[in-house]
Amino acid sequence: MKILVIGGGGREHALVWKINQSPLVSKIYCLPGNAGIAQLAECISGEVTDIDYIANWAQEHKIDLTVIGPEIPLTLGLADELQRRGLAVFGPDKAAAQIEGSKIFCKKLLAKYNIPTADYRIFSKADDALSYIDGAKFPLVVKADGLAAGKGVIVCRDIGQAKAAVELIMRNKAFGSAGDQIIIEDCLIGEEASFLAFTDGKTVLPMISAQDHKAVYDNDQGPNTGGMGAYAQAVLVDKALKEKIINQVMVPAIEGLAKEGCPYKGVLYAGIMIVDGVPYVLEFNARFGDPETQAILPLLNSDIIPIMQAAADNRLDEVSLNWKQGSAGCVVMASGGYPGKYEKNQIIQGVAELSGQEDILLFHAGTVYKNGNWLTHGGRVLGVVGCDKNISSAIKKTYSGVERIKFDKMHYRTDIGKKSQS
Ligand code: AMP
Ligand code: GLY
């Protein structure tokens, strides 16, 4: 089979790495890919937003399955366009991807199907939102309706912060039309987990749970990033909680989407806040998480291709998932300045030494290879993944890999997975 993976981050490197292990696969292409992915796949230049270009390319090259990594091509209808041309695709269509593309769509679905989530109000006018804030209780959370690269959610401790958030999103249009409408919702206090499942719109096949670390600094300090690290599985999601998440969140969401006329295929990712044992949905994503995927896929024994094909063909009930015993950690090594402005083209040391190890994997997010050197090329540069029999030894192994990577002004969190051990 010829596989095309869309995207070029650490998540896509992990996907390509896993797909490359399938005996069913003869060739992998990745658009645009990155320098690490180029070791396993042929990278194709192009924009992930260029739907017609990608669909034409896939058709011309007789791609057997396209796997869509990021949310933007999903919300722009890449899956619809590929399907229109009779090409197999792993990922939801435009209508179903609204679950990530519009937080208002998501909240209305949650409310209609009685899925636990924070109480909320929707606003289309800044003035209405500002007067609501005058009488509100704090903390509260202000969210842009549309996609904002993970930056459209602002947790506000007081009235000043909440008003500033409304000004930023609705008046200054910091996220463009994504901020035409906002949600203001109650702030939930609890423990977060990421719960991902494969689905064909009927069957829900859960993956192992994971925990993301969104804030840039240790102890969850500093601004949010795309994710500074993750580990799997999340210790707080025990068997009983997993059942609750499946039965109270994942299954009703998939059934609800089907009833609303937008059956969902692909990976459904629930961002969950656990409060007094109840799994509240913070958000849904219409795709694999980044960096959760880098910690989850190394623990999946099963060939991923038959799973993706079965999801695309509505026969996921024929498939089961087989997981390795043990745990995995992922630490993201970031450029100085990230998540703000950062420099590129710093020489990275240690990449060659970490390649080809069995229990330590290196997933590239923002690198280039030039004149015999690996260079930084993004905010998140590399993800080091360590696998071992339990979470503490997996984390230890991860940091033993981290110590071997060096580049000027690099930074990373030193407490990934710590909460699992306390
Ligand atoms: P989201 O993109 O909706 O997952 O939000 C990003 C982050 O904001 C989450 O991972 C949480 O840490 C935080 N967050 C979002 N909604 C809430 C909420 N209702 N209460 C507390 N924290 C929240
Ligand atoms: N790890 C958060 C996300 O993928 O959106």
Side-chain angles (χ1 to χ4, degrees), residues 7 9-12 14-15 68-72 74-75 97 99-107 110 115-121 136-157 161-162 165 169 175 178 182-196 207 209-216 220-232 234 249 266-275 278-297 330-332 339 363 365 380 383 413 416 419:
R11 164 185 54 208
E12 286 76 22
L15 279 165
I68 305 173
E71 59 277 21
I72 293 180
L74 292 166
T75 57
I99 194 138
E100 175 165 6
S102 166
K103 291 198 187 290
I104 294 175
F105 174 89
C106 176
K107 277 292 203 182
L110 292 167
I115 300 170
T117 192
D119 284 342
Y120 69 102
R121 300 276 297 260
K137 285 204 195 102
F138 291 89
L140 54 69
V141 187
V142 177
K143 298 184 170 186
D145 173 47
L147 292 180
K151 295 182 191 134
V153 173
I154 304 173
V155 179
C156 307
R157 280 189 303 273
Q161 287 182 343
I169 298 173
F175 313 113
I182 60 165
I183 284 176
I184 300 184
E185 70 179 34
D186 291 352
C187 188
L188 300 170
I189 312 286
E191 278 284 324
E192 281 188 63
S194 306
F195 198 88
L196 286 72
M207 298 185 215
S209 58
Q211 218 168 10
D212 189 9
H213 297 62
K214 286 199 170 85
V216 65
D220 295 329
Q221 299 300 303
N224 270 357
T225 68
M228 293 298 287
Y231 72 92
V249 173
V267 167
L268 182 66
Y269 162 144
I272 303 270
M273 183 79 85
I274 296 134
V275 186
V278 177
Y280 287 82
V281 175
L282 296 176
E283 62 164 350
F284 278 120
N285 292 322
R287 51 173 174 80
F288 282 99
D290 189 343
E292 290 93 329
T293 304
Q294 292 88 309
I296 291 173
L297 290 186
C330 171
V331 172
V332 170
F363 292 126
R380 290 192 289 178
R413 280 182 60 160
I416 302 300
K419 274 191 205 154

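In listed order, ligands and their atoms are each counted from 1.
- Using a 4.0 angstrom heavy-atom cutoff, Gly271 does not count as in contact with ligand 1.
- Close to ligand 1: Asp186, with a non-hydrogen atom less than 4.0 angstrom away.
- Counting only heavy atoms of the protein, atom 5 (O) of ligand 2 lies nearest to Arg287 NH2, 2.8 Å.
- Under a 4.0 Å N-O distance rule, the pair Asp220/Arg413 qualifies as a salt bridge.
- The residue Arg11 has no part lying near ligand 2, judged by heavy-atom distances below 4.0 Å.
- Counting the atoms of ligand 1 from 1 in the order shown, those under 4.0 Å from a heavy atom of Lys143 are 3 (O), 15 (C), 16 (N).
- Close N/O approach between Asp290 and ligand 2 is found [any backbone or side-chain N/O within under 3.5 Å].
- Salt bridge Lys143/Glu283: absent, no basic N to carboxylate O contact under 4.0 Å.
- One option in Leu140, Ile183, Val141 has a heavy atom closer to atom 18 (C) of ligand 1 than any other, and that option is Val141.
- The heavy atom nearest to atom 9 (C) of ligand 1, out of those in Glu192, Lys151, Glu185, is found in Glu192.
- Close contacts between ligand 1 and Lys103 involve ligand atoms 2 (O), 3 (O) [criterion: under 4.0 Å to a heavy atom].
- By the 3.5 Å distance cut-off applied to N or O atoms, Glu283 is counted among the residues near ligand 1.
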